[in-house]
Amino acid sequence: MDSLKKPVVLLFTLLSFALCAYVHFNVEPTWKEQLYSFATHENEAGALFYEEDGVKKRIESLTPYANSPLTQVALNLYSKPVDLDQQWVTKDASIYLSKPSFHLGFWSIFPAFLAIFLCLVTKEPLIALMSGIISGALLLGKFDLIDAIIIPSLATESAAGILLLYLWLLGGLMGVWSKTGAAQAFADHMTEHYVSGPRSAKLVAWFLGVIFFQGGTVSTVLVGTTVKPLADKANVSHEEMAYIVDSTASPIASVIAFNAWPAYVQALIFVPGVAFLATAQDRINFFFSSIPFSFYGIIAVLGTLLLSLNIMTFSGKRLRQARLRAITTGQLDAPTARPMSAEELSKPSVPAGYKSSMLEFILPLLLLIGIAITTFLTLGSPKVAWAFAAALLLSVLIALAKNMSIHDLIDGFNQGVKGVVLGSVILMLAVIIGLLSRQVGGGLYLIDFLGEGMPYWCLPIFLQVLTMVIAFSTGTSWGTYAIAFPLAMPLAWSIAMSSGIDNPEIYMMICFATVLNGSVCGDQCSPISDTTILSSMTTGCDLMDHVKSQIYPASLAAVLAAILWTLSALIFA
């Protein structure tokens, strides 16, 4: 950042903080009614229960909806909710959990806006994210940033999981592989027998991205960790590799949906009186029936296949330049890049006399994948931490069996942890700012733009753009689903009925697909998304280089998908 820009950015940031503090004291929040649907059942004694996050909880009492002080009518009347954070209500013979939420108008999206703006301008994600967190804390009136924001966020199960998995287990495993030379031996073997150049290396990465269709962070970490050594050996630019890893993570999960996505999403799309969404199984069947309309996911995966085949027509200028730079100069990063993993992790530090073997890479990797798949099939969700812990333990045991000293192993582990500290901290801050964005009502404010007066064929593209903005601003697709689906699906049904369209179920599938895919696109492009950060971290790419280089192909895929959704609504609905 040049000397003239620095004081301007600093002044803008300080002014932003002052405005956020002013908003807290002078802007009244807008309260919104939120109704959540859960599967409920009675036990033999007649007690009513519901299940949340796999835990069975009792519903102590039910209130008729009209008598609840948390309805939108009551919230409008009193300008704020009574001293009640939630209430179970009955409405139209259905049971809902009512939780009031609020937004602060434009200021609800300001923390995310500030973080993204500073990321793009300064290329310093740490400073940008911390600035976004401070602005969000000021909006909420939590002026004790350490005790009110940082410590409670670090004390959560999510934060502990990030530290355990991405700092100690992932970093430690990469460090041990670097010390034993296992990753380099694997890359040498693949290069000698299977990977003949950049194209075949990228095809391997694309194929693994399709195979690991669990999606999200699981796919990103598994594919990125596996392909980095052979891609570096084949001289593939880090921007290309990060794009392939990122664009075959969540997009493929929305197309090959034999994963946790349908079970999570079905709970959010219940619409009273709609027969084909009546039960959980009906809603899961609806999810799979809508897959042919997941145009963004399909186009994104095909686009990465074209890039893997070195067909760069639709990839954009930055990715083409990155490929040319890697081919002509051998530089995998731009000269100004700050890679998300330390350089020493890509350079083996094998002790004298130790003979490296590719089996030291393959066997732990197979164990890792096996545990992830097995736990997904048997327990319903992949235990990624178990998988990485087992892989790390096996790598250590193999090295000890081959007479590597404990001192060298600990040194490798330490180097690995140090190599991913920056990425782990950035990931942690991204999680915190995502939580703050939801607390100040960023998604609710954007949803408030919706209206029922639009033509039916406009709604799909409107939902796509809206969810892209929400996901880009909050850095999460699943969080966007929780905000958008409960509002978008009833709206789509209402417009389908008022417009008198012939095939309302197909129309609902189209609108469903726009929310599902729009959220994925926004999340994929966001510099504060966990998958974006992990794609950069596992491939060794500069975060902002990855963000800027994938904006064009992702945007092109989104535009093509928008055209197809609009045509589908006009032709099939």
Side-chain angles (χ1 to χ4, degrees), residues 28-43 46-105 108 140 263-274 277-280 282-283 434-452 463 466-467 470 474 476 478-494 512 515:
E28 288 293 327
T30 300
W31 289 92
K32 291 293 179 180
E33 170 192 14
Q34 298 289 291
L35 293 177
Y36 300 90
S37 175
F38 291 88
T40 60
H41 62 276
E42 290 186 6
N43 63 9
L48 198 60
F49 291 86
Y50 74 103
E51 191 169 304
E52 184 177 18
D53 294 331
V55 179
K56 188 183 293 184
K57 302 178 181 179
R58 182 171 179 172
I59 300 175
E60 298 296 339
S61 62
L62 288 173
T63 301
Y65 175 77
N67 298 336
S68 172
L70 302 182
T71 64
Q72 191 62 56
V73 173
L75 294 175
N76 291 340
L77 182 62
Y78 297 107
S79 299
K80 63 179 181 179
V82 297
D83 189 17
L84 188 67
D85 58 357
Q86 66 178 43
Q87 187 177 50
W88 285 95
V89 299
T90 55
K91 179 183 180 184
D92 300 329
S94 298
I95 297 173
Y96 299 93
L97 179 61
S98 178
K99 288 184 177 182
S101 299
F102 70 90
H103 67 72
L104 298 168
S108 289
L140 293 171
Y264 171 72
V265 169
Q266 66 82 20
L268 305 171
I269 62 174
F270 172 74
V271 180
V274 179
L277 298 176
T279 67
D282 288 335
R283 296 191 289 271
L435 292 172
L436 283 173
S437 293
R438 290 193 287 277
Q439 288 179 30
V440 297
L444 279 179
Y445 165 67
L446 293 170
I447 286 290
D448 236 8
F449 283 129
L450 284 173
E452 296 190 19
L463 291 175
L466 186 72
T467 51
I470 295 174
T474 59
T476 168
W478 278 32
T480 303
Y481 296 155
I483 294 169
F485 270 129
L487 298 168
M489 296 303 286
L491 178 67
W493 181 253
S494 174
F512 171 86
V515 175

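- Annotation for T90 and I95: closest pair CG2-CG1, 4.3 Å, computed over non-hydrogen atoms.
- With rounding to the nearest 0.5 angstrom, the NZ atom of K32 is 7.0 Å from the CG atom of N76.
- For the residue pair P69 and A74, the shortest heavy atom distance occurs at O-CB, 3.3 Å.
- The structure places CD of Q439 at 11.5 Å from OG of S108, a figure rounded to the nearest 0.5 Å.
- With sequence neighbours left out, the ring pair (Phe, Tyr, Trp, His ring centres under 6.0 Å) criterion links Y65 to no other residue.
- Residues satisfying the side chain to side chain donor-acceptor pair (under 3.5 Å) criterion with Q86, sequence neighbours excluded, are absent altogether.
- For N67, there are no side chain to side chain donor-acceptor pair (under 3.5 Å) partners two or more places apart in sequence or in a different chain.
- In this view, T71 satisfies the side chain to side chain donor-acceptor pair (under 3.5 Å) rule with no residue, not counting sequence neighbours.
- Residues satisfying the side chain to side chain donor-acceptor pair (under 3.5 Å) criterion with Q87, sequence neighbours excluded, are T63, S68.
- Within the model, atoms CZ of R283 and CG of L277 stand 7.0 Å from one another, a figure rounded to the nearest 0.5 Å.
- Within a 6.0 Å radius of CD in E28, other residues, nucleotides and ligands contribute 12 heavy atoms or fewer.
- Pairing each heavy atom of T467 with each of L463, the nearest pair is OG1-O, 2.8 Å.
- With sequence neighbours left out, the ring pair (Phe, Tyr, Trp, His ring centres under 6.0 Å) criterion links W88 to F38, Y50.
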